[in-house]
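Down below is the structure, laid out as structure tokens.
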There are 2 protein chains.
Amino acid sequence: MTGRFKPRIAPRPLDAVVRRMRTLALLSEQEQDLVRNLSDRRERHMAGEELVGEGQTGRRARFVVSGWACNQRVLPDGRRQIFGFLLPGDCFNVCERPAPPALCSTVALTALETVDAEPLLEAANRGEAPSLARALAVARQVEQALLLDHMVRLGRQTAYERVAHFLLELQRRLEIAGLGDSQRFPLPLTQEILADALGLSIVHVNRTLQQLRRERLIELRSGVAILLQPDLLASISDFRPTTPTNALRRPA
Amino acid sequence: MTGRFKPRIAPRPLDAVVRRMRTLALLSEQEQDLVRNLSDRRERHMAGEELVGEGQTGRRARFVVSGWACNQRVLPDGRRQIFGFLLPGDCFNVCERPAPPALCSTVALTALETVDAEPLLEAANRGEAPSLARALAVARQVEQALLLDHMVRLGRQTAYERVAHFLLELQRRLEIAGLGDSQRFPLPLTQEILADALGLSIVHVNRTLQQLRRERLIELRSGVAILLQPDLLASISDFRPTTPTNALRRPA
DNA sequence: CGGGGGTTTGACGAACGTCAATCGGGGTGG
DNA sequence: CCACCCCGATTGACGTTCGTCAAACCCCCG
């Protein structure tokens with residue numbers, strides 16, 4: 001880490017994005033540079049800030065560069081359902097232009113950094129970046145898969161299974177983004193957020209986490225999660241790694 | 001209804017499909033005929049038949065012409081989650097070609113009739129049917145919206161609210177397809193299917209329906225549902241009619 | 001008349017939510 | 001440096017919702 005020479009512009013910050021895209025399709029060098037050069041039009045958001053409002057139109061495609069966000073909807077009586085999380089490397093507002101009204105709001109959960117991804121869409125639409133176009137399509141497919149996984153958790157899994165399954169999902173996604181290893185990853189979520197994602201009460205999330213700790217399946221300290229027995233967690237929660245990396249790639 | 005002359009080919013059967021598409025975009029006469037002329041390549045399926053297997057590739061876009069189907073996933077221990085229902089007029093397997101692996105399986109719940117919709121996609125891709133292309137895009141958006149509604153039900157609503165909300169959704173969709181009125185519609189689902197959709201047990205679905213009947217909110221007899229007090233049901237379940245018909249249409 | 005799938009009912013228990021109090025750590029102003 | 005404070009985590013007691021098991025019922029059909 002000590003002063004290694006970096007010839008290219010904009011070295012580190014978009015690392016997660018490039019990494020992520022490369023797991024989705026085989027990007028050419030030019031395509032990778034296209035991504036790395038997005039660094040302008042960066043934006044910073046504070047935790048709690050709403051990035052996209054429900055029903056909002058004219059949204060521009062963006063990447064999360066650092067920090068966490070979520071898609072959610074809030075009922076009039078205050079109940080909240082979180083549909084999914086946006087991690088570094090994830091894109092949002094990627095759809096046909098002009099973008100239709102947003103189906104839910106997107107909210108920053110931590111300090112957050114994003115970049116405009118429209119230049120990529122334009123290049124892709126002009127046919128200049130076929131693999132990139134494909135990567136974005138696959139990203140949407142993965143997003144959809146995660147949504148269905150989440151729905152199974154909510155509808156047909158117990159609290160215990162839900163938490164285990166969800167932690168495994170985060171582990172995989174964060175490892176792909178280069179932000180964790182096969183067991184350890186940052187988890188900057190309050191138990192209230194977990195509860196609203198998993199369809200549980202705060203108290204019950206707490207107890208479920210306690211149980212997983214007691215059974216030496218996980219550790220959880222100061223924003224870091226450690227999966228002590230990932231395989232056991234996977235069999236407990238019927239976790240099947242969709243997209244083990246490139247599973248969705250087109251053959252040729 | 002007694003022998004009114006119908007000049008065009010293939011009169012009735014695709015009515016639901018045309019109706020549905022017309023609520024999604026303003027179709028030209030040619031575009032409507034394009035839809036109506038799909039009648040070839042019709043296919044019949046029996047209840048229980050799997051139309052699409054999880055992970056299946058090379059799927060072709062299709063419309064449901066009559067009957068009901070659902071998207072679902074089954075866990076190894078037999079638990080099942082139904083993600084949503086396909087009603088007459090709905091399309092499935094509509095996505096960029098070549099189609100990525102299916103994220104869940106699609107199963108016929110009743111005797112079912114479908115038609116191949118690929119000709120429409122091709123015409124749309126050739127730029128020959130812009131409004132149709134738009135209608136298909138909106139259809140996907142609506143499908144996504146229904147998915148999120150369903151997730152809110154599963155994660156944050158009580159059994160009572162879930163059933164009420166779900167019945168209202170069906171009422172709206174079936175009325176659009178021309179298969180029901182503002183209160184009455186066919187409901188060819190067993191309580192087991194309802195349970196697997198709503199994340200409940202059969203017994204609890206039964207009791208919830210009993211309660212709704214006792215309170216004179218609904219009637220349910222021999223495959224027909226009647227919403228006696230739709231407004232009350234809506235306020236009970238916080239039902240907000242997304243897409244009150246054409247809400248998602250592009251301004252110009 | 002018998003059978004089978006779907007519905008209904010009751011009794012019971014487990015999972016999960018609610019309420020309320022306490023704890024604990026990091027930040028902040030005095 | 002310390003007292004305070006606030007938010008989030010934790011714990012206990014208790015109530016409700018919902019699931020499970022099992023039996024009865026109902027209706028359509030052969």
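Sequence lines set the chain letters: A, B, ... in the order given, protein chains first and strands last, and positions in each chain run from 1. Atom set for the values below is all heavy atoms of this structure, side chains included, hydrogens, waters and symmetry mates excluded.
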(message) Output the rounded distance in Å from CD (B:Q210) to P (C:dT7).
(response) 11 Å

(message) For a side chain to side chain donor-acceptor pair (under 3.5 Å) check, start with the C-alpha distance between B:E113 and B:S66, then their side-chain angles and the critical distance, and finish with the verdict.
(response) CA-CA 5 Å; B:E113 224 179 347; B:S66 69; 3.1 Å; yes

(message) Quick check against the 3.5 Å criterion: does B:R80 have a side-chain atom that pairs as donor or acceptor with the backbone of B:V74?
(response) no

(message) Over all strands shown, is A:G199 touching base, sugar-phosphate only, or nothing at heavy-atom distances under 4.0 angstrom?
(response) sugar-phosphate

(request) Classify the angle between the aromatic ring planes of B:F239 and B:H165 as parallel (below 30°), tilted (30 to 60°) or perpendicular (above 60°). (result) perpendicular

(request) Would you indicate, yes or no, if D:dA9 has its OP1 or OP2 atom less than 4.0 angstrom from a side-chain nitrogen or oxygen of A:R213? (result) no

(message) Salt bridge or not between A:E43 and A:R60? Use side-chain N to carboxylate O under 4.0 Å.
(response) no

(request) Round to a whole Å and report the spacing from CZ of B:R162 to P of D:dC18. (result) 7 Å

(request) Determine, for A:R240 against A:D149, whether the closest basic-nitrogen to carboxylate-oxygen distance falls under 4.0 angstrom. (result) no

(request) Nearest-nucleotide wise, let me know which of A:T190 and B:Y160 is further upstream toward the 5' end of DNA chain D. (result) A:T190

(message) Of the listed nucleotides (D:dA22, D:dT11, D:dA9), which one gets closest to any side-chain atom of A:R207?
(response) D:dT11

(message) If the cut-off is 4.0 Å, is A:N206 near the phosphate of D:dA9, judged by side-chain N/O to OP1 or OP2?
(response) no

(message) Between C1' on C:dC16 and CG on A:L154, what's the gap in Å once rounded to a whole number?
(response) 14 Å

(request) Choose from C:dC16, D:dG19, C:dT7 the nucleotide whose nearest atom is closest to any side-chain atom of B:S201. (result) D:dG19

(request) Could you tell me the separation between the NE2 atom of A:H204 and the C1' atom of D:dC18, rounded to a whole number of Å? (result) 13 Å

(request) Find the distance A:I193:CD1 to D:dA9:P and express it as a whole number of Å. (result) 9 Å

(message) From CG of A:L187 over to P of D:dG8, roughly how many Å is that when rounded to an integer?
(response) 14 Å

(request) Could you state the atom-to-atom distance from CZ of A:R214 to P of D:dA9 in whole Å? (result) 18 Å

(message) From CG of B:L200 over to P of D:dT17, roughly how many Å is that when rounded to an integer?
(response) 13 Å

